[in-house]
2 protein chains.
Amino acid sequence: MASIRDVAERAQVAVSTVSAALNGTRPVAAGTRRRVEQAAAELGYRPSPLARGLQGGRTRILALLFPAPRGGFGLTQMQFVTGAAETARELGHHLLLSAEHADPIEELRHLTGLGLVDGVLLMEVGLADERVEFLLEAGIPFSMIGRTRDPGRVDHADIDFAATAREAVAHVAGLGHRKLAFFELPADRHAAGYGPAVRAGAEFAGAARAAGIGYVAGFRPGSPEEGGQAFERLVTAHPDVTALAVMGDRAAVGVLAAVAARGWRIPGDLTLLLVSSSSRVAEMFHPRLTTLEPPSAELGGLAVRMLIDRLDGDGPPARKLLPCRLVVGDSSAPPRRRKEAGA
Amino acid sequence: MASIRDVAERAQVAVSTVSAALNGTRPVAAGTRRRVEQAAAELGYRPSPLARGLQGGRTRILALLFPAPRGGFGLTQMQFVTGAAETARELGHHLLLSAEHADPIEELRHLTGLGLVDGVLLMEVGLADERVEFLLEAGIPFSMIGRTRDPGRVDHADIDFAATAREAVAHVAGLGHRKLAFFELPADRHAAGYGPAVRAGAEFAGAARAAGIGYVAGFRPGSPEEGGQAFERLVTAHPDVTALAVMGDRAAVGVLAAVAARGWRIPGDLTLLLVSSSSRVAEMFHPRLTTLEPPSAELGGLAVRMLIDRLDGDGPPARKLLPCRLVVGDSSAPPRRRKEAGA
DNA sequence: AGCCCCCGTCGAAACGTTTCGCACAACGTA
DNA sequence: TACGTTGTGCGAAACGTTTCGACGGGGGCT
């Protein structure tokens with residue numbers, strides 16, 4: 001562990017000059033700078049984040065606050081983390097994983113009061129999130145994966161549900177379907193103010209209307225059982241529905257089982273879309289479901305990038321919305337003839 | 001951010017006395033200690049990890065090295081991370097997530113050379129792992145989730161495949177099955193020296209022999225397609241097999257499809273076990289598969305605990321093997337009569 | 001009663017950085 | 001020629017902690 005003093009000695013300059021030369025914080029003669037840089041390279045010198053942070057500068061450590069697995073963590077969340085970690089690494093930063101326990105605010109106060117981290121990354125952000133308020137008030141730099149209801153001043157990267165819904169609707173409409181149903185996330189997610197739960201439904205409704213196709217919603221199955229029941233109610237009440245978009249893996253399992261139990265086949269009798277789930281999950285199904293896969297890793301990386309940009313200098317708040325990627329599987333097909341004829 | 005000086009002033013003692021009182025590193029009079037503790041509490045004082053680390057002590061930061069998602073990261077790996085993060089938190093430590101890129105050794109050198117972390121957590125450990133050698137040689141404290149072929153001197157927490165295999169075999173034998181087949185992880189995982197890939201096969205063979213039931217192996221399907229093909233070959237070559245344990249979600253998907261294609265039912269015609277997969281994944285299947293679920297979160301936590309113990313003082317190397325938990329689903333049943341009669 | 005020893009406390013140095021005021025030389029200008 | 005102005009470089013202080021040598025006083029032993 002070569003220190004800045006070693007570099008200074010080898011380059012025959014003062015310690016402060018080394019700092020200036022390496023950080024470009026003050027003008028340094030070209031020759032001197034070269035000598036310093038060479039000495040640093042030869043010694044394999046790397047400044048200590050500890051000392052840097054202590055002095056009042058930055059530690060180059062970012063904290064990713066992640067909620068304790070309540071309903072259990074999915075692949076999507078996992079990919080936020082890996083994406084964030086990789087981008088942080090690329091940008092010369094470290095990522096601290098901070099497990100959120102009972103009281104997130106206390107946790108945040110704890111974490112930021114230490115002076116260990118330069119900024120915070122929030123995920124699983126609610127429409128109204130107390131953590132956001134706290135961070136804003138405390139003046140701690142942060143960015144979000146997801147967003148609050150009104151994220152005006154805050155950097156964030158989130159799924160573009162409007163574009164996602166448009167793409168999904170275009171897909172089924174292009175196949176010839178005239179009526180689409182949508183199963184939302186379970187009610188407790190809505191109650192918790194979970195952004196995707198609320199936004200997806202609204203955007204799908206809007207997209208269907210804009211595309212001029214029929215739309216049925218109001219189902220919020222949370223388990224396989226509820227998924228199956230919701231499907232039964234759906235086909236009873238709306239026998240003309242030929243395409244169904246489901247949000248939530250567990251509900252989709254139930255739907256698939258109910259479809260099979262009814263003697264229907266996918267995609268012959270029903271086109272099924274899995275919304276906002278990893279394609280890795282989609283291929284667990286049989287047939288492989290057409291999926292709208294959230295760009296989780298990208299979002300995680302984006303959020304890191306935004307946070308670092310904010311730390312470096314402050315421009316206007318950055319916002320980036322990325323649509324889900326449509327991965328066409330074996331569950332998409334034109335609607336069955338019977339219905340067309342009946343219409 | 002109250003500093004130790006503030007505490008010292010308020011308690012009317014020297015800075016060094018505060019340090020001694022709070023850390024118990026030197027005897028301090030009971031009254032003084034009380035005063036110091038009270039002052040610290042009133043000020044909400046918390047020592048700076050930065051300053052601590054700089055001084056030469058510990059930073060209380062642990063690094064979790066996690067490999068870039070090659071085959072894609074599963075829920076199991078995710079749970080290592082969450083388990084580790086939570087335990088670290090409980091034990092007053094921080095967890096740094098370090099994404100491993102192309103050259104893991106370089107990454108390690110990079111990370112540890114900074115003096116930022118006290119120790120390292122390794123996951124996805126191979127039978128012969130270069131990272132282990134490096135850390136051992138460099139004298140850097142570490143522990144493993146998983147283990148090398150000969151982990152003698154190194155702290156580690158891993159799955160107890162022997163016990164897991166015994167339990168799985170006991171389960172199917174208890175149901176009345178007389179012949180068990182086992183689908184291993186794909187060949188590339190074996191080639192990479194991935195511990196679970198190698199150990200599981202050996203232990204299942206041993207357990208079946210010990211239990212006196214038939215055993216068929218040699219299949220290493222990596223994809224749903226290969227899973228289906230393996231199943232076809234299996235039933236052709238060994239029609240008397242009534243129970244099958246599969247390792248790997250993707251292969252299981254294919255098996256399930258092939259079973260259905262053949263007109264068989266689960267569990268009526270075949271008892272199917274999913275080995276070493278999250279029960280969260282198991283319930284994606286229909287029917288819900290009986291699973292041997294690895295205690296991932298516990299293992300992650302255990303590894304953290306071991307590392308911290310090692311940091312605190314050195315006892316003999318700790319090793320902890322935990323069996324997978326048997327979660328009985330709807331894919332377990334006594335063997336079909338037809339075969340019994342035929343035998 | 002005097003001496004010694006130990007308990008308890010203090011002050012200073014050190015860890016590796018950055019920052020800030022200052023000094024010094026060379027240069028152009030008055 | 002003398003003076004301000006740049007352009008460079010230096011040294012010291014500060015960040016918050018731990019550690020270690022030193023010091024003072026009170027009690028026990030002779």
Side-chain angles (χ1 to χ4, degrees), chain A residues 1-37 39-40 43-61 92-94 112-118 311-312, chain B residues 1-37 39-40 43-61 92-94 112-118 311-312:
Chain A
M1 277 205 286
S3 86
I4 198 174
R5 289 173 77 148
D6 303 327
V7 179
E9 279 180 23
R10 183 174 254 261
Q12 303 273 36
V13 294
V15 169
S16 56
T17 305
V18 175
S19 177
L22 259 26
N23 295 323
T25 173
R26 296 227 141 180
V28 170
T32 312
R33 153 168 293 137
R34 266 226 324 279
R35 252 187 313 142
V36 169
E37 280 169 353
L43 260 37
Y45 167 72
R46 291 177 49 218
S48 152
L50 260 31
R52 257 219 251 253
L54 183 57
Q55 200 283 332
R58 292 169 42 184
T59 55
R60 296 176 187 280
I61 303 179
H93 284 244
H94 296 277
T112 55
L114 245 29
L116 183 58
V117 303
D118 293 337
L311 255 19
D312 283 339
Chain B
M1 277 207 285
S3 85
I4 197 173
R5 289 173 76 146
D6 304 325
V7 178
E9 278 180 23
R10 184 174 253 261
Q12 303 272 35
V13 295
V15 169
S16 55
T17 304
V18 175
S19 176
L22 259 26
N23 296 322
T25 172
R26 296 223 142 184
V28 170
T32 311
R33 154 168 294 137
R34 265 225 327 275
R35 254 187 310 144
V36 169
E37 281 168 354
L43 261 37
Y45 166 72
R46 291 178 48 219
S48 152
L50 259 32
R52 254 202 195 152
L54 184 57
Q55 200 281 333
R58 291 168 44 183
T59 57
R60 298 178 185 279
I61 302 179
H93 284 243
H94 296 278
T112 55
L114 244 28
L116 184 58
V117 302
D118 292 338
L311 255 19
D312 282 340

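So you know, we letter chains A, B, ... as the sequences are listed, proteins then strands, and number each from 1. Just so it is clear, the structure is predicted and the values come from calculations on it, not from any experiment.
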Measure all distances between protein nitrogen or oxygen atoms and nitrogen or oxygen atoms of nucleotides 5-8 of chain D, and list the pairs falling under 3.5 Å.
none

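- Scored by the side-chain hydrogen bond (donor to acceptor under 3.5 Å, both in side chains) test, A:D118 finds A:T59 as partners (sequence neighbours excluded).
- Between A:T17 and A:Q12, the closest side-chain pair of non-hydrogen atoms is not below 4.5 Å.
- Taking A:R46 as the reference, B:H110 meet the side-chain hydrogen bond (donor to acceptor under 3.5 Å, both in side chains) condition, with sequence neighbours excluded.
- A:A29 is linked by a side-chain contact (heavy atoms from CB on, under 4.5 Å) to A:T32, counting only residues two or more places apart in sequence or in another chain.
- Heavy-atom minimum distance, B:T25 versus B:S19: CG2-O, 4.2 Å.
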(message) For nucleotides 10-19 of chain D, give me one character per nucleotide, 5' to 3': B if any protein heavy atom sits under 4.0 Å from the base, S if the only such contacts are to the sugar-phosphate, - if neither.
(response) BB---BBBBB
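- Listed by chain and residue number, B:R5, B:D6 satisfy the side-chain contact (heavy atoms from CB on, under 4.5 Å) test with B:S3 (two or more places apart in sequence, or in another chain).
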Could you pull out all donor-acceptor pairs under 3.5 Å where a side-chain atom in residues 47-57 of chain A meets a protein atom, sequence neighbours excluded?
unit_1: A:S48; atom_1: OG; unit_2: A:L50; atom_2: N; d: 3.1
unit_1: A:S48; atom_1: OG; unit_2: A:A51; atom_2: N; d: 3.0

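- Side-chain contact between B:H94 and A:L114 is present, with heavy atoms from C-beta onward closer than 4.5 Å.
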Listed pairs, N/O of protein and of nucleotides 23-27 of chain C, under 3.5 Å:
none

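- Sorted by first and then second residue, the salt bridge (charged side-chain N to carboxylate O under 4.0 Å, His left out) pairs involving residues 10-32 of chain A (not counting sequence neighbours) are A:R10-A:E42.
- In the helix from C:dA1-D:dT30 to C:dA30-D:dT1, the rotation axis of the first five pairs and that of the last five pairs differ in direction by 60°, rounded to 10 degrees.
- Scored by the side-chain contact (heavy atoms from CB on, under 4.5 Å) test, B:E37 finds B:L22, B:R33 as partners (sequence neighbours excluded).
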